[in-house]
Amino acid sequence: MFGLLDCNNFYVSCERVFQPRYEGRPVVVLSNNDGNLISRSAEAKALGLKMGDPYFQVKDLLQQHNVKVFSSNYALYGDMSRRVMYHLQQVAPAVEIYSIDEAFLDLAGMETYCGNLDAYARKVREGVKARTGIPTCVGIAPTKTLAKLANRIAKKDAGLGGVLYLNTPERRAWALRQVPVGNVWGVGRQYAAKLAAAGVDSAADLARVSEAWARKHLGGVVGARLVQELQGRPCAGLHPSEDGTLSRQSISCSRTFGKPLTAFDDVLAAVAAFLSRAAEKLRAQGDMAHVLTVYISKNRFAPQVLPPFSRSATLTLPIGSTADTTVLLGYARLLVGRLWEKGTAYQKAGVVLDGLEPPGTGQQLDLFAAAPALAKPVEQPALVTQRPGLMASLDALNQRFGRGTVRIATAVPAPGHSATTSGHHPPPWAGKAQWRSPCFTTRLEDLMVVNYSVGVIMAVVLCHCIYLVPRQ
DNA sequence: TCTGGGGTCCTAGGACCC
DNA sequence: TCTGGGGTCCTAGGACCC
């Protein structure tokens, strides 16, 4: 049996925990660059605002209804997520962190242990709410796909009290009838259109199609599994998240620039900055990478710009794996050079690290460096592929004094870019973030200031929280 | 004027190997 | 006239997810 716990309007809920005056009011959170709506409170959804709506298109509507707008604050959301996941790991036998706001719980055998899964799920919800302030819903079912489905219904139907347990075939059949096929986990826009054309409208209809049909029209084996899962036959198990963190198979970092860039050095500086961040995440995960992809993109919305909007180049590192930012950057520079088209305005860039593995597993050694007894045909400097000490120092400094305290020089934009009134020099690729909330939980300067008597109470609460949620 | 970012899995074709 | 079979790796791209 699988449980799926999903936080309600997660980013909005995170903001509300620290600014409760926005409870009951329409609130939205914008994507990077203040581009699109990526989280909406129930009140905002009721106004007809859609997920992914470009901000500039709905700006008037937002103003008209006095909707509170936040820029996204991932430092805050990431830290709140960690707290939610930490609590789940205290109360569930095994937890798979599925995304920043969702986790699968392995509930095999829990029925016999705690008697009633429905009551158990209600306790878990209350626990998360009490410890983090975040509201959630829980779906429980024999497969992950059905647990997602149950969760969705629990979110929509307030009468269920945030929990739906599909414990009988009758309930499962009922649940399948409630959900339009386009809202099934694994059915996106393309498949939904195909299914509609074939007369498959609800999840119940999809559960009835033949395996051969699913294979043919829904992406091969993926479609076959999807249908089986809807029928209650599990095709995917739970992959527990070790030590409460996600370990990924690829790591990327990309940004849309605040303005189009036409100078090679500016784009290279952006790529260097993104690569630095990706490599930092790589090291935090304890891995090295041996595949590097760089891409640079034009503005896909500009009417005069023709496709392809993006060009990418991938390189399997000839030196094997590394987690060294400077080594990776050497290759990234080559790739940017390969992609660069003179006279083009670029709007976005990104890097991806693939082929991740822990140190010592798949390292390619330099033949000559590894066997110094062999005479080298030509004397050449030793190839530097790792400087773990240097990288560890870099990470330690940046963790202690703030991200970007020590940077690779390539990632520092050339002088001459305009400073803001405060004298701060934003990089040329910097985007907008007009309405960012303070990093209440991760920056000392952003800690809430309260008066003395409230302060004493707060200090007690804070100590309590620190006790409950030790930092990793 | 203004349109996100970070992931997963799968497929397919070409190069290359035995 | 007819031109193998089975495998890996690499790269690119499509579809999906939150």
Side-chain angles (χ1 to χ4, degrees), chain A residues 4 6-11 28-39 50-60 62 71-72 74 77-78 81 96-104 144-145 148 151-152 182-194 215-226 235-236 239 246-260 274 277-278 281 285 290-293 295 297-303 305 307-318 335 347-356 362 431-434:
Chain A
L4 178 74
D6 189 320
C7 301
N8 302 348
N9 326 321
F10 183 56
Y11 298 168
V28 297
V29 175
L30 304 183
S31 64
N32 256 355
N33 219 4
D34 292 340
N36 307 65
L37 272 55
I38 52 169
S39 185
K50 297 276 176 286
M51 182 72 177
D53 277 349
Y55 169 71
F56 75 92
Q57 284 177 4
V58 294
K59 198 170 160 186
D60 293 342
L62 296 172
S71 302
S72 37
Y74 290 102
Y77 313 148
S81 171
E96 174 183 341
I97 301 172
Y98 176 69
S99 73
I100 194 163
D101 71 334
E102 272 177 77
F104 284 106
K144 284 181 160 181
T145 307
K148 290 281 289 186
N151 187 287
R152 192 195 137 79
N183 291 321
V184 170
W185 190 39
V187 178
R189 266 229 306 279
Q190 312 287 326
Y191 291 167
K194 269 194 199 178
R215 245 175 218 281
K216 182 149 183 228
H217 298 102
L218 302 177
V221 64
V222 182
R225 281 184 206 150
L226 170 54
C235 297
H239 308 288
L246 276 158
S247 197
R248 327 222 67 137
Q249 298 171 45
S250 76
I251 289 172
S252 63
C253 181
S254 66
R255 290 284 179 282
T256 297
F257 309 143
K259 60 177 187 204
F274 305 160
R277 179 66 194 126
K281 292 192 221 172
Q285 182 173 306
H290 70 263
V291 177
L292 170 66
T293 299
Y295 60 91
S297 314
K298 299 179 268 186
N299 182 358
R300 66 186 200 278
F301 297 103
V305 176
F309 300 118
S310 189
R311 294 184 65 207
S312 74
T314 300
L315 179 71
T316 299
L317 304 186
L335 295 179
Q347 194 75 44
K348 177 179 177 173
V351 303
V352 186
L353 300 174
D354 276 295
L356 310 190
K432 282 184 293 190
Q434 272 183 265

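Sequence lines set the chain letters: A, B, ... in the order given, protein chains first and strands last, and positions in each chain run from 1.
Set against dT3(B), dG6(B), dC18(C), the side chain of Asp101(A) has dC18(C) as its closest nucleotide. In the set dC18(C), dG4(B), dC16(C), dC16(C) carries the atom at the smallest distance from any side-chain atom of Tyr191(A).
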Please list, pair by pair, any protein nitrogen or oxygen found under 3.5 Å from a nitrogen or oxygen in nucleotides 7-13 of chain C.
unit_1: dT11(C); atom_1: OP2; unit_2: Thr316(A); atom_2: OG1; d: 3.1
unit_1: dA12(C); atom_1: OP2; unit_2: Thr314(A); atom_2: OG1; d: 3.2

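Of the possible donor and acceptor atoms, none in the side chain of Ser252(A) sits under 3.5 Å from a partner among the backbone N and O of Val351(A). When atom types are taken as modelled, the side chain of Asp101(A) and the backbone of Phe10(A) share no donor-acceptor pair closer than 3.5 angstrom.
Gln57(A) contributes atom CD, which lies 10.5 Å from atom CG of Leu37(A) (distance to the nearest 0.5 angstrom). Distance CD/Gln190(A) to NE2/His217(A): 14.5 Å, rounded to 0.5 Å. Here Asn36(A) contributes atom CG and Tyr55(A) contributes atom OH; the two are 12.5 Å apart, rounded to the nearest 0.5 Å. Here the OG-CD1 distance, from Ser81(A) to Ile100(A), works out to 5.0 Å after rounding to the nearest 0.5 Å.
Between the P atom of dG6(B) and the CD1 atom of Ile38(A) lies a distance of 11 Å, rounded to the nearest Å. Straight-line distance from the CD atom of Gln57(A) to the C1' atom of dT1(B): 13 Å, rounded to whole Å. Between the OH atom of Tyr98(A) and the P atom of dC17(C) there is a distance of 8 Å, rounded to whole Å. For Leu4(A) and dC17(C), the CG to C1' distance is 12 Å, given to the nearest whole Å. Atom NZ of Lys148(A) is separated from atom P of dC17(C) by 9 Å (rounded to the nearest Å). Atom CZ of Arg255(A) and atom P of dT3(B) are 15 Å apart (whole Å). Distance Phe301(A) CZ to dT1(B) C1': 15 Å, rounded to the nearest Å. Counting to the nearest Å, the C1' atom of dG4(B) and the CD1 atom of Ile100(A) are 14 Å from each other.
The local environment of NZ in Lys216(A) is sparse, with at most 12 non-hydrogen atoms from other residues, nucleotides or ligands closer than 6.0 Å.
A sub-4.0 Å separation between OP1 or OP2 of dC2(B) and a side-chain N or O of Lys259(A) is absent. Taking only side-chain nitrogens and oxygens, Lys348(A) never comes nearer than 4.0 Å to OP1 or OP2 of dT3(B). Close to dG4(B), at under 4.0 Å from its OP1 or OP2, lies no side-chain N or O of Ser72(A).
Contacts of Arg225(A) with the nucleic acid, taken as non-hydrogen atoms under 4.0 Å apart, involve only primed sugar atoms and P, OP1 or OP2. Looking at heavy-atom distances under 4.0 Å, Val184(A) makes contact with sugar-phosphate atoms alone, never a base. At a threshold of 4.0 angstrom between heavy atoms, the contacts of Val352(A) with the nucleic acid are absent.
If you find the closest nucleotide of DNA chain B to Cys253(A) and to Lys432(A), the one lying nearer the 5' end belongs to Lys432(A). Positionally, the nearest nucleotide of DNA chain B for Tyr11(A) lies more toward the 5' end than for the other of Tyr11(A) and Asp354(A).
Pairing of dA12(B), defined by two Watson-Crick or G-U wobble distances under 3.5 Å, is identified with dT11(C).
Between Trp185(A) and Tyr98(A), the ring planes lie perpendicular to each other; the angle is over 60°, past the 30° to 60° tilted range.
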